[in-house]
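Okay, structure first, notes after.
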Amino acid sequence: MALTDFEKKVLKLLKKVPRGKVITYSKLAKMAGSPRAARAVGNALHKNPDAPVVPCHRVVKSDGALGGYAGGWRRKTKLLREEGVVVKNGKIVDFKKIAV
DNA sequence: CTATTGACGACAT
DNA sequence: CATGTCGCCAATA
């Protein structure tokens, strides 16, 4: 998959996110070293070399919306629910409480 | 090197 | 609260 350093960093950070919690693209970008590169982060995840190694579904938008997902936001929502995250109408409930 | 694009963010309307 | 516009960064053509 020839991932770039930036993408690798993002993936690695994402792996650290505990199950049942979520993280925002911007926060991930910030940890990766570029606080405004939320889009670039999304792009990295979209390429999705993750599979079972990186929980892409735990990445959401800054306002608590799910954002996108390679397999569709429906799937993302379902996975989050499985981990104990309550999602309502495409938005995360108590997002602030479960966000890392 | 420049142009286009995309799983975003903040602000204006 | 919903939608639209501009700005952001990195990857790719």
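Proteins come first, then strands; the chains are lettered A, B, ... in the order of their sequence lines, and each starts at number 1.
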Under 4.0 angstrom between S34(A) side-chain N/O and dC9(C) OP1 or OP2: no

Atom pair distance, as rounded to whole Å: NZ in K8(A) and P in dA11(C): 11 Å

Separation of atom CG in L28(A) from atom C1' in dA10(C), rounded to whole Å: 14 Å

Partner of V59(A) by side chain to side chain contact (heavy atoms under 4.5 Å, CB included), out of V54(A), V17(A), L45(A): L45(A)

Same apolar cluster: I23(A) and F6(A), side chain cutoff 4.5 Å: yes

Nucleotide-resolved protein contact map, nucleotides 6-13 of chain B, B/S/- at heavy-atom distance under 4.0 Å: BBBSS---

Evaluation steps, side chain to side chain contact (heavy atoms under 4.5 Å, CB included), between V100(A) and V22(A): CA-CA 6 Å; V100(A) 180; V22(A) 297; over 6 Å; no

Under 3.5 Å donor-acceptor, K61(A) side chain and Y25(A) backbone: no

Whole angstrom value for the distance that separates P of dA10(C) from NZ of K9(A): 11 Å

side-chain hydrogen bond (donor to acceptor under 3.5 Å, both in side chains) partners of residues 26-37 of chain A, not counting sequence neighbours, each pair once: T24(A)-S26(A)

Basic-acidic side-chain contact under 4.0 Å: E83(A), K21(A): no

